[in-house]
Structures are given as structure tokens and as C-alpha cells.
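A quick note: this is a predicted structure, and the numbers were derived from the prediction, not measured. So that the names make sense, note that chain A is the first sequence line, chain B the second, and so on, each numbered from 1.
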Amino acid sequence: MPELAEVEYYRRRWDAAARGSRVRCVHVHPAAKVFRGADVAALRRGLTGARYRSSAAAAKQILVRFSGDAWLGLHLGMSGELSVAAGDYRPARHDHLVLATGGASLVFSDPRMFGRVRFDGGAGAPRWWTDLAPAILSDGFTRAGLAAFLQRRRAAPIKAILLMQERFPGIGNWMADEILWRAGLHPRRAGGSLSTAEQGRLWRECRQVCRLALARIAGVGGSLPESLNLRIPQTWLFWHRWEAGGRCPRTGGPLQRAEIGGRTTCWSPARQRLR
DNA sequence: GTGCTTGTTGGCCA
DNA sequence: GTGGCCAACAAGCA
């Protein structure tokens, strides 16, 4: 599930429970694929006894800074989740990393294991983090940069382009569909075929969907499903894109679905035309 | 059993 | 070298 706003939601969950506390015990399933490429022994050494200082989310990544120059990186993949459990929590089958602080346990679980856990030591944030593309809500996400990227990817369908993290960090399948639906752009339009006005709409809706998603999904307490139900209005495509026989919340007309860019894509033919 | 799934990566080919 | 496409990864759910 996790895209930009859900990732931020999970980060806040851990942060509220553990910021400032000391890790007393580190539990890992070292064989789990989520640790691919990570030095699990160093992770265990670096986090045991370290204090949880701060955390940040960018794109679909989370970085937690611990005392002693220890940096924990998390990617939730397709089915990853961060939760907070009791201090004496016993890890379940898909819990690959559990940090017990005494008062609480921080749990990273991921059944499908497309997610990833990284560990780095050093005075500054690791390279993989500092190399992330500028956030869509930052000044670094410019119309000119967007136009240049669309030109470079001129032959690819716009839906596939929006999923490219090198330019659209944090956008996933549902956000991409939401953006294109609001901008009135057919997902199969080639990147190079957009007029200046259409590029402008795309740029604005990228920012708007990120802003709204962060405010409505990440910015509330309670469980994630509750947040979605309470905070995402029925006027979004979000609620209608998976329903069989779903209808466009703006036109009332039928929605269409097809695989584009390797992902199931939903659009409203009445407001998103190919040409 | 079948056929999906809100993500990423590497390999193949033009 | 660059860009586009697709299978693979693994588990759960309807």
C-alpha cells in the first residue's frame, strides 16, 4: 500500500512512540529478504543501546537517526508496515525488525518482503538518502524540470512516467491515477505529447494531490483505515477506482480500467481523452 | 485452484 | 549509452 502519505503516517507512528528513548533490545530475522545488502551485524551493534533521535520521510523512504551516528533506513515496499506494540512484544511471523525500548516495541513487518531495511554509520545522512529526487512539494520540483523530463521520456505513457521515482518521488499507483484524473489527461498519452497548458495542469495536480494526501492521511491519529474512511472524500477517484462498475465522481460516467505501464490503471474516459 | 495486489530491479532489445 | 518493456520477487486475499 504505502505511497508518500502512508509512509509519512507510519513514520509519525514510530516517532510518537519512541523519539528520545533508548533501544534496549534489537530483534532481527537476518535471513529475511528485506535485509538484502544490509550489514545486519552492524545494525544490531549500532542500534542496541542507541537513542532514537529523530526521523524523516521522503519519497517512499524513511530515515531514522539514532545516537552514535547510526542511521536506519526503511522502505515499506508493497506490504510493509510500521507499528508500535507493548514493550514485551513477541515478534510474529512477518516481523523482520523489532526495536524494544522498554516502554514500547517498534515493529517493521512486511509479508511480501519487497520492502527494505538499511543500516549506515557516519556523521551525515547516507548517500542513498541525500541522492533522493527533490520532493514534489519542494521548490526543486519545477515546471521546467517537469517539461524536460517529459521530453526525455517522450515516448512513454504518462502513467508510467509518473511512477518514476527519479522525478516523482513518493508517487505510486493510486496517486498517479488520481493526478491524471484531476488533470484531465489520458494515462496513455505519450510524455512528449503534452501541451504547455497540459504540463501546467500536471504540475499543479502533482502538488495538489501530494498536499491533500499528506494532510488527510498522514495528519491524523487513529488507524490508517479509519483515517482513509474519515478523511478521503467520496469526490476523489480513490474510492471508485477498484469497484467493478465504478463511476467517475465528477461526470457520473463509467470508469475504465486497463494495464498501462505494467500497472492496473483507472481513468474516466469522459474527461481523459487520448487526443 | 485462479487471478489479482498502492513497488522496485535487472535483463533484454531497439 | 539511453530509453521502454517485462518478468521476477513473495504472500495474502477474494
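The nucleotide dC9(C) finds its pairing partner in dG7(B), both defining distances of the Watson-Crick or G-U wobble pair being shorter than 3.5 Å.
Across the protein-nucleic acid pair, Phe149(A) atom CZ and dG4(C) atom C1' stand 12 Å apart, rounded to whole Å. In this structure, the CE atom of Met164(A) is 13 Å from the P atom of dC6(C), given to the nearest Å. If you measure from atom CD of Glu259(A) to atom P of dG7(B), you get 14 Å, rounded to the nearest angstrom. Distance Arg263(A) CZ to dC4(B) C1': 12 Å, rounded to the nearest Å. Per the geometry, CZ belonging to Arg241(A) stands 7 Å off P belonging to dT6(B), to the nearest Å. Distance, Leu162(A) CG to dT6(B) C1': 14 Å, rounded to whole Å. We find that CD of Glu166(A) is positioned 16 Å from P of dG7(B), with the value rounded to whole Å. The CH2-P distance, from Trp128(A) to dT9(B), rounds to 12 Å in whole Å.
Cluster membership for Val26(A) and Val84(A), using ILVMFWY side-chain heavy atoms within less than 4.5 angstrom, is shared.
Regarding contacts with the backbone of dT6(B), every side-chain N or O of Lys60(A) stays at 4.0 angstrom or more from both OP1 and OP2. Contact check, Arg152(A) against dG3(C): a side-chain N or O comes under 4.0 Å of OP1 or OP2. A sub-4.0 Å separation between OP1 or OP2 of dG7(B) and a side-chain N or O of Gln165(A) is absent. One finds a side-chain N or O of Arg93(A) lying less than 4.0 angstrom from the OP1 or OP2 phosphate oxygen of dG12(C). Close to dG12(C), at under 4.0 Å from its OP1 or OP2, lies a side-chain N or O of His94(A). Neither OP1 nor OP2 of dT8(B) sits under 4.0 Å from any side-chain N or O of Arg116(A). A sub-4.0 Å separation between OP1 or OP2 of dC9(C) and a side-chain N or O of Arg112(A) is absent. Contact annotation: His75(A) reaches the phosphate of dT8(B) (side-chain N/O to OP1 or OP2, under 4.0 Å).
Within the cation-pi definition used here (under 6.0 Å to the ring centroid, within 45° of the axis), Arg118(A) qualifies as a partner of Trp128(A).
The same atom, C1', is picked in dC9(C) and in dG1(B); the two are 22 Å apart, to the nearest Å. dC6(C) and dC4(B): their P atoms are spaced 16 Å apart (whole Å).
Side-chain atoms of Ser55(A) and Arg11(A) form a donor-acceptor pair, as typed in the model, at a separation below 3.5 Å.
Stacking between Phe114(A) and the base of dT8(B) is absent under the criterion of ring centres within 5.5 Å and planes under 30 degrees.
Residues Phe66(A) and Trp71(A) keep their aromatic ring centres 6.0 Å or farther apart.
Among Trp181(A), Phe238(A), Trp239(A), the one residue that satisfies the ring pair (Phe, Tyr, Trp, His ring centres under 6.0 Å) test with Trp174(A) is Phe238(A).
Contact detail for Tyr10(A) and Leu76(A): the closest heavy-atom pair is CD1-CD1, 3.5 Å.
The nucleotide whose nearest atom lies closest to any side-chain atom of Met113(A) is, among dT8(B), dA11(C), dC9(C), dA11(C). The nucleotide whose nearest atom lies closest to any side-chain atom of Ala155(A) is, among dA10(C), dG7(B), dG4(C), dG4(C).
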